[in-house]
Amino acid sequence: MNKIVKVVVGLPIEGPFDYWVDETLRAQIAVGKRVRIPFGGRKRIGYVVGQADKSRFPGGRLKPIFSVIDATPILNDELLQLTREVSIYYGCSWGEAIETSLPKALRSGMTIDLPVTENFLGQKTSLHQIILLQDLNRKQGWDFLSENIRQSIAAGQDVIVLVPEITVLNFMAEMLKKISDKVIILDRKLAAKEELNNWLMAGAKEAKIVLGTRSAVFAPVHHLGLMVVIEEDHQSYKQEQSPFYHGRDVALMRAGKNDCRVILENCAPCPEVWWQAKKGTMKLLSFSTEKSAGMQIVDMTDYKSRKSVLISVPLRNAIEKTVRAEGKVILFLNRKGFSTMTKCPQCQFILQCPRCETNLSYLYAQKKMTCGRCNYRADLPELCPQCRSSYLRSSGIGIEKLESELARIFPKYRLGLYDRDTKNLPVQFDILIATQAILRLQNQFSVELIGAIHMDSELNHPDFRSAHKTFSLLIQLRQMTKEKFIVQTRLPENYCFKSAAKMDFKGFYREEIKFRRQLGLPPFNHLVSIIVRAAQEKAAFEQVNIFYRKMQDTLKRGIMVTEPQPDVMPKLRGKYRFMILVKGKSAEKILSFVRTSLKGIKRKSGAIISVNVDP
DNA sequence: AGCACGCCGACT
DNA sequence: GTCGGCGTGCTC
């Protein structure tokens with residue numbers, strides 16, 4: 001019965017693979033344990049997913065496993081099933097899904113001493129219910145959340161709370177410690193040893209709160225009662241490498257298996273999620289604002305002619321009034337650094353990243369040119385590197401340039417900067433000039449006035465989520481101001497601004513859903529994006545077209561394929577990128593279509609194809 | 001993902 | 001003649 005084990009590995013190949021188990025190892029074998037195996041001529045770690053008496057492997061005699069690593073399985077049935085489901089949905093191998101679910105210490109084969117605990121999979125412990133919590137009132141929203149968490153803990157159940165990133169995690173940790181003294185933190189950025197320790201504590205028997213980033217959705221808790229996803233649509237929940245999973249969606253999968261409750265929290269929910277609530281799959285719970293700060297839209301088309309006018313008259317007046325009354329101001333500009341383009345006025349040469357071909361930004365504080373996509377850095381050249389006859393001129397506005405403009409306009413005001421790399425909020429300031437990184441602190445402080453310098457850059461992105469992203473930014477910024485919110489735009493008639501000004505959520509989602517329906521975008525279809533990348537542009541281009549032609553030939557009903565186009569990032573880290581979008585009702589059907597199309601096509605050397613479900 | 005096997009150009 | 005290019009295919 002246990003002569004043969006079925007093993008999967010953390011590689012993009014399906015398996016499972018059969019191995020022979022020597023008699024001396026048979027007693028140790030169990031599903032969910034790690035084993036050391038010979039694989040493709042080298043030693044690897046494999047994960048036992050099954051046992052058998054005989055193998056159907058046609059290749060003759062099986063290789064024997066070297067050893068069994070774990071005394072107790074590190075994966076219980078629930079996590080085995082969950083990772084299996086994740087692998088099917090996102091189109092990766094089971095082994096890859098298992099590997100992303102584990103702390104790095106365990107992937108590297110470290111041995112551990114794990115106590116034996118049973119898990120409660122399949123036992124109906126609570127009502128499976130999904131709540132979409134729209135929390136525009138921090139007090140009531142928090143009361144609701146903490147009450148739910150408290151109830152689960154009191155019932156002896158575990159709670160998993162997912163947060164988008166570390167600042168929110170630290171803040172939430174303090175809040176959650178008021179509810180329970182057992183708050184376990186899980187984050188891939190922890191040191192290997194600490195990560196493993198916390199992972200082990202997450203698996204302990206007593207009820208606890210596991211607080212973590214994306215990967216904490218796989219926390220090995222045994223009696224899951226509630227999952228909370230804070231800022232449900234945050235970008236960081238989507239893994240940008242294979243497996244391209246979304247933390248929120250895996251949370252929903254996991255909750256479905258365990259019959260546990262889910263609370264998805266967001267001020268301006270993702271339209272896909274909003275639609276679920278509208279259809280009744282989820283319950284929408286809205287706590288409205290006690291008092292909403294006034295929002296004023298300033299039409300900047302009038303300012304077009306006058307050069308270098310960043311601050312409109314109404315905004316300037318509001319800043320003066322606020323600072324005079326000893327209030328604080330945030331000016332929002334979603335662009336790091338000083339300038340965004342550096343050009344030679346003589347020969348028109350533009351400084352670009354050698355790997356991404358994007359214009360380099362200048363970081364004034366660091367005196368460096370940098371690429372916003374990769375981590376390329378260079379010094380600012382004295383003269384034009386091409387014609388050597390002129391100094392370079394910079395244009396394009398980042399927060400550092402805005403700071404210098406403001407220093408000119410308001411020489412007496414204290415100015416501060418805040419972006420992704422800012423560690424601490426400036427201690428004293430009258431005006432804080434910030435990128436969207438400021439939203440990390442949205443629950444931690446607020447100001448009297450927020451001015452958005454131009455909100456249009458987001459809206460002009462060729463991304464079907466851009467309208468919602470803009471709306472969401474507007475709503476979140478508005479929540480951070482106590483008195484006034486001024487938005488400068490050249491698109492004042494756009495529904496994002498109009499509905500945000502009126503706090504008209506229904507209006508916004510009605511428009512957005514209409515737009516999504518017309519174009520057959522989520523939630524009405526699933527999207528799968530296929531990115532073909534290669535160092536040689538020709539290789540990438542030819543590969544994507546080979547693939548596209550094959551897809552055309554084998555096209556199925558209900559599946560739509562767009563023509564290949566350069567990706568939003570046409571070149572990244574030295575690789576040219578082309579994209580195909582596939583649309584269809586079911587992600588699984590799209591994926592199986594993509595798989596069959598992929599089979600037997602001619603492969604161009606150096607071209608890499610990656611498949612991203614729900615990009 | 002690696003690594004081995006396999007079929008066409010410049011070397012001692 | 002052989003060394004080696006990377007194109008193709010497999011890993012129990």
Side-chain angles (χ1 to χ4, degrees), chain A residues 1-26 28-69 80 83-84 86-87 90-102 104 106-109 239-245 530-547 550 573-576 594-612:
Chain A
M1 183 48 205
N2 52 6
K3 289 200 276 284
I4 284 151
V5 274
K6 295 189 170 291
V7 175
V8 294
V9 290
L11 295 174
I13 38 175
E14 256 320 307
F17 299 95
D18 292 351
Y19 282 85
W20 176 256
V21 186
D22 284 339
E23 258 172 86
T24 51
L25 294 173
R26 276 183 206 161
Q28 297 175 49
I29 279 292
V31 169
K33 288 186 182 185
R34 292 170 299 161
V35 287
R36 288 187 200 283
I37 48 163
F39 191 83
R42 34 201 333 261
K43 277 188 186 180
R44 282 205 77 95
I45 292 167
Y47 307 92
V48 178
V49 296
Q51 296 185 80
D53 223 1
K54 56 178 184 239
S55 172
R56 286 196 280 129
F57 178 60
R61 64 189 84 74
L62 299 177
K63 289 184 180 172
I65 62 168
F66 293 131
S67 62
V68 180
I69 299 173
L80 279 167
T83 49
R84 179 80 193 115
V86 165
S87 76
Y90 291 101
C92 66
S93 75
W94 193 356
E96 284 178 293
I98 287 174
E99 214 143 81
T100 36
S101 83
L102 293 174
K104 41 194 169 298
L106 294 181
R107 282 176 294 198
S108 71
Q239 183 150 78
E240 284 304 326
Q241 288 117 40
S242 176
F244 295 84
Y245 75 91
I530 293 155
I531 305 274
V532 177
R533 59 186 205 275
Q536 302 296 314
E537 189 171 10
K538 195 169 166 252
F541 183 76
E542 283 173 8
Q543 182 69 84
V544 81
N545 281 299
I546 290 168
F547 195 13
K550 176 73 183 291
R573 291 179 238 279
K575 298 243 161 54
Y576 292 89
V594 169
R595 273 234 184 77
T596 48
S597 303
L598 213 45
K599 231 173 257 170
I601 61 162
K602 196 182 165 209
R603 301 302 290 264
K604 284 274 163 188
S605 140
I608 301 157
I609 302 174
S610 56
V611 178
N612 186 345

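Per chain, numbering begins at 1; letters A, B, ... match sequence-line order. If you're wondering where the values come from, they're calculated on a predicted model, not measured in any experiment.
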request  = Report, as yes or no, whether the 6.0 Å neighbourhood of atom CD on A:Gln28 holds more than 12 heavy atoms from other residues, nucleotides or ligands.
outcome  = yes
key: Rounded distance (Å) that lies between atom P of C:dC12 and atom CD of A:Gln51   = 20 Å
ask   = Counting only heavy atoms not in A:Phe541, do more than 12 sit closer than 6.0 Å to its CZ atom?
value = no
key: Distance in angstrom units between A:Phe57 CZ and C:dC10 P, rounded   = 11 Å
ask   = Contact class for A:Leu62 (heavy atom, under 4.0 Å): base, sugar-phosphate, or nothing?
value = sugar-phosphate
task = To the nearest Å, give me how far apart CZ (A:Arg603) and C1' (C:dG9) are.
result = 11 Å
message = Within the 4.0 Å heavy-atom criterion, would you say A:Arg61 contacts the bases, only the backbone, or no part of the nucleic acid?
response = nothing
ask   = Just to confirm, is there a sub-4.0 Å distance from OP1 or OP2 of B:dC3 to any side-chain nitrogen or oxygen of A:Arg42?
value = yes
key: Presence of A:Ser605 side-chain N/O under 4.0 Å of C:dG7 phosphate oxygens OP1/OP2   = yes
query = Please give, in whole Å, the distance from C:dC12 C1' to A:Phe17 CZ?
reply = 7 Å
note = To the nearest angstrom, the NZ-C1' distance between A:Lys602 and C:dG9 comes to 16 Å
message = Expressed as a whole number of angstroms, how long is the span from A:Glu99:CD to B:dA1:P?
response = 13 Å
message = Considering every strand and a 4.0 Å limit on heavy-atom distances, what is the contact class for A:Phe39: base, sugar-phosphate, or nothing?
response = base
query = What's the spacing between A:Ile65 CD1 and A:Arg36 CZ if we round to 0.5 Å?
reply = 11.5 Å
request  = Take the protein atom NZ of A:Lys43 and the nucleotide atom P of B:dG2, then report the distance between them rounded to whole Å.
outcome  = 17 Å
Name of the residue among A:Leu62, A:Val35, A:Ile29 meeting side-chain contact (heavy atoms from CB on, under 4.5 Å) with A:Val21 = A:Ile29
ask   = C:dG7 P sits how many Å from A:Glu542 CD, rounded?
value = 13 Å
